[in-house]
Novice: 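Take a look at this one; I'll ask things after.
Chain letters run A, B, ... following the sequence lines, proteins first, then strands; residues in each count from 1.
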There are 2 protein chains.
Amino acid sequence: MGPMERQSGVALWRQIADQIRIAIGTGEFDDLSALPGEVALAKRFSVNRHTVRSAIASLKKEGVLRVEQGRGTFIVQRTRLRYPVGRRTRFTDGLADQASTREGLLKSHAMENANSAIAEALELPVGAAVIRLDSIGTADAVPVSRGTRWLDAERFPGFVNIYRKLGSVTASMKVFGIEDYVRIRTRISAHHADPETLEDLRLSPGAIVLVTEAVNAELNGRRLEYSNTSFAADRVEIDVDHSIGQQGEKEQSQDHVAGDARKGPAG
Amino acid sequence: MGPMERQSGVALWRQIADQIRIAIGTGEFDDLSALPGEVALAKRFSVNRHTVRSAIASLKKEGVLRVEQGRGTFIVQRTRLRYPVGRRTRFTDGLADQASTREGLLKSHAMENANSAIAEALELPVGAAVIRLDSIGTADAVPVSRGTRWLDAERFPGFVNIYRKLGSVTASMKVFGIEDYVRIRTRISAHHADPETLEDLRLSPGAIVLVTEAVNAELNGRRLEYSNTSFAADRVEIDVDHSIGQQGEKEQSQDHVAGDARKGPAG
DNA sequence: ACATATTTGTTCGTATGTATC
DNA sequence: CGATACATACGAACAAATATG
């Protein structure tokens, strides 16, 4: 094991917290969900026991660990939401069978002029009027995504009101005569979350977001929507399906269930 | 703008360095002209000028910024490598037109018994003999990925020696009579890098990796290969192509060019 | 009930790093 | 460049809860 780096701008306890999180993710502590004791962890990471304790305290606050005096430290089981991405991706449906309550809260909207990235994606001239919708996605009362989408304003007049009423992009598009659409491409990257996203997704500094930049189009290839969505990386993973069949979202269902986001354990 | 958080285990100067990196990524600063001055940045982030200086010093060491005495601070242009993922993804070919030199260095290999994840992916019984290959991917002399792949040992006897000779998975598979194969699924997540990956990819603590977990199969659906690859998130982004045509890798070519990884600018 | 080992929880002190002024 | 306040990290010791035999 490589030693933790010092003077890197990231506190030792936080580096260790990250390592423990990873180790949990890879199933390294599979035995009965109990972690090694503080002294053992301190030895493993070559740090003082207090430093390990700080790391554990942080993970406890995040809801990853649960500590019981005299007994030990335990992993709070929480399955990562699996967000399916494929040719027939529908955002709202995607998490349907994984979370008991999901919601797409429209946070704000505006009229804008397309910058080069938006223009290219929607195949519009730069400066064209576009509708911008900002929303936050929630599963089981936990925010999981924060996204912005842009649509051609000329093509979808009054989209905002319709969307507000119907609560679904797919349904709103039907009003404009679009019966079907497909995902053309999805670009995926990962970054540290910016302060605004940090707040919206209730994350702590240094947290990671998975960013998807997607383009949806009609079956004939005409661009419909360009979106940019940030997912809390510790709560979501992306599942790309490359099959070419006529399968709908059903095939992407998994036997996974969203974890019950336990909060405030007996502490 | 949200204020930087204190007592978070991440030093202010590092949080600011991350924010500047993000701002550069989103094109917030004009690529060619200088960054705002230290005092302006200090005001923007509500911190002392010295703290901004530490952040800039760090980014300078990373090769993101270049400082010229009396003139200002400038962005060192570096395009993110775009790694295409689709039904017909071939790893070695993927970055072909983006980097002038690319390499898949075989780091180590071993015989293993399949754990549940590997067994499920390859549709083998748990405990079946599998070949494990660890390699590091390099583009323009910069490490960009670190991956492990597993193959059915019974099906590919002596694969390691053939792969060592040919240097390509696609070519090696041909030796075993496999003319064509397709990507079935790709699962994507993001984490902090573990110490070993940190070292292999020459990253600093707190760095992010994009992890792809992929399954390749023959056209008839028979599983061939299961892989788990970590990409340095600040050097790579993933481009998912959902098209169903017969297009090969050619269509995924982009007009992007790998940045010249400038090192050690005039300090 | 008892002693003992193990585990987490707390309180001192001290040194160094970080951030401001 | 200091001077100051606070966060981080270490070390030692002790207290409290739990598990074992």
Side-chain angles (χ1 to χ4, degrees), chain A residues 1-21 23-24 28-76 192 195 198 204-207 262 264-267, chain B residues 1-21 36-62 69 73 192 195 198 204-206:
Chain A
M1 280 291 141
M4 301 291 111
E5 286 190 40
R6 322 215 167 195
Q7 284 156 287
S8 61
V10 183
L12 271 183
W13 64 263
R14 175 152 280 283
Q15 294 184 55
I16 288 162
D18 293 338
Q19 294 311 319
I20 292 175
R21 220 201 319 268
I24 290 172
E28 200 166 323
F29 304 131
D30 43 9
D31 348 288
L32 303 156
S33 76
L35 247 63
E38 291 173 354
V39 274
L41 289 172
K43 192 175 178 186
R44 164 169 171 172
F45 294 116
S46 313
V47 295
N48 192 274
R49 190 168 76 97
H50 289 300
T51 311
V52 169
R53 283 180 59 76
S54 299
I56 290 173
S58 163
L59 293 171
K60 189 170 121 189
K61 207 164 73 174
E62 281 182 44
V64 176
L65 295 179
R66 171 177 49 84
V67 182
E68 290 180 38
Q69 172 157 182
R71 298 210 337 120
T73 306
F74 304 88
I75 299 165
V76 175
H192 291 282
L198 236 40
S204 40
R262 288 189 57 170
Chain B
M1 280 291 138
M4 300 292 111
E5 288 191 38
R6 327 226 163 184
Q7 285 162 274
S8 62
V10 183
L12 272 184
W13 63 262
R14 175 152 277 283
Q15 293 185 55
I16 288 161
D18 291 337
Q19 294 311 320
I20 292 175
R21 216 202 323 268
E38 289 174 357
V39 275
L41 288 172
K43 191 175 178 186
R44 164 169 171 171
F45 294 115
S46 313
V47 295
N48 193 276
R49 192 170 75 94
H50 295 302
T51 311
V52 169
R53 283 181 63 77
S54 301
I56 289 174
S58 163
L59 292 170
K60 189 172 124 191
K61 207 164 74 174
E62 279 182 47
Q69 172 97 241
T73 307
H192 293 280
L198 235 41
S204 41

Novice: A/Leu41 has an atom CG; how far is it from atom C1' of C/dT7, in whole Å?
Specialist: 12 Å

Novice: Between D/dC1 atom P and B/Arg53 atom CZ, what is the distance in whole Å?
Specialist: 12 Å

Novice: Tell me: NE2 of A/His50 to C1' of C/dT14, nearest whole Å?
Specialist: 12 Å

Novice: A/Glu68 or A/Arg14: which one's nearest nucleotide on DNA chain D is closer to the 5' end?
Specialist: A/Arg14

Novice: Please compare A/Ala11 and A/Arg49 by the position of their nearest nucleotide in DNA chain D and report the one closer to 5'.
Specialist: A/Ala11

Novice: Measure from NZ on A/Lys43 to P on D/dG11 and round the result to the nearest Å.
Specialist: 14 Å

Novice: Tell me whether the OP1 or OP2 atom of D/dC10 has a side-chain N or O from A/Thr51 closer than 4.0 Å.
Specialist: yes

Novice: How close or far is atom P of D/dA17 from atom CD of A/Glu38, stated in whole angstroms?
Specialist: 16 Å

Novice: Indicate the atoms forming the closest heavy-atom contact of B/Ile56 with B/Thr73, along with that distance.
Specialist: CG2-CG2, 4.3 Å

Novice: Taking all atoms of both residues into account, what is the closest heavy-atom pair of B/Trp13 and B/Ser54, and its distance?
Specialist: CB-CB, 3.5 Å

Novice: Take the protein atom CD1 of A/Ile56 and the nucleotide atom P of C/dG9, then report the distance between them rounded to whole Å.
Specialist: 8 Å

Novice: Using atom CZ of A/Phe45 as one end and atom C1' of D/dT8 as the other, report the distance to the nearest whole Å.
Specialist: 18 Å

Novice: Please state how far atom CZ in A/Arg71 lies from atom C1' in D/dT20, giving the value in whole angstrom units.
Specialist: 14 Å

Novice: Report which part of the nucleic acid A/Ser54 touches: base, sugar-phosphate, or nothing (heavy-atom distance under 4.0 Å, all strands).
Specialist: nothing

Novice: A quick test of your reading: do over 12 heavy atoms of other residues, nucleotides or ligands sit less than 6.0 Å from CZ of B/Arg53?
Specialist: no

Novice: Counting distance only, does the side-chain N/O of B/Gln15 pair as donor-acceptor with the main-chain N or O of B/Val10 below 3.5 Å?
Specialist: yes

Novice: Kindly give the heavy-atom pair with the smallest separation between A/Leu198 and A/Ala207, and that separation in Å.
Specialist: CD1-CB, 4.2 Å

Novice: Pairing check on C/dA1: which nucleotide meets the Watson-Crick or G-U wobble criteria with it, both distances under 3.5 Å?
Specialist: none

Novice: Between A/Asn48 and D/dG11, does any side-chain N or O lie under 4.0 Å from OP1 or OP2?
Specialist: yes

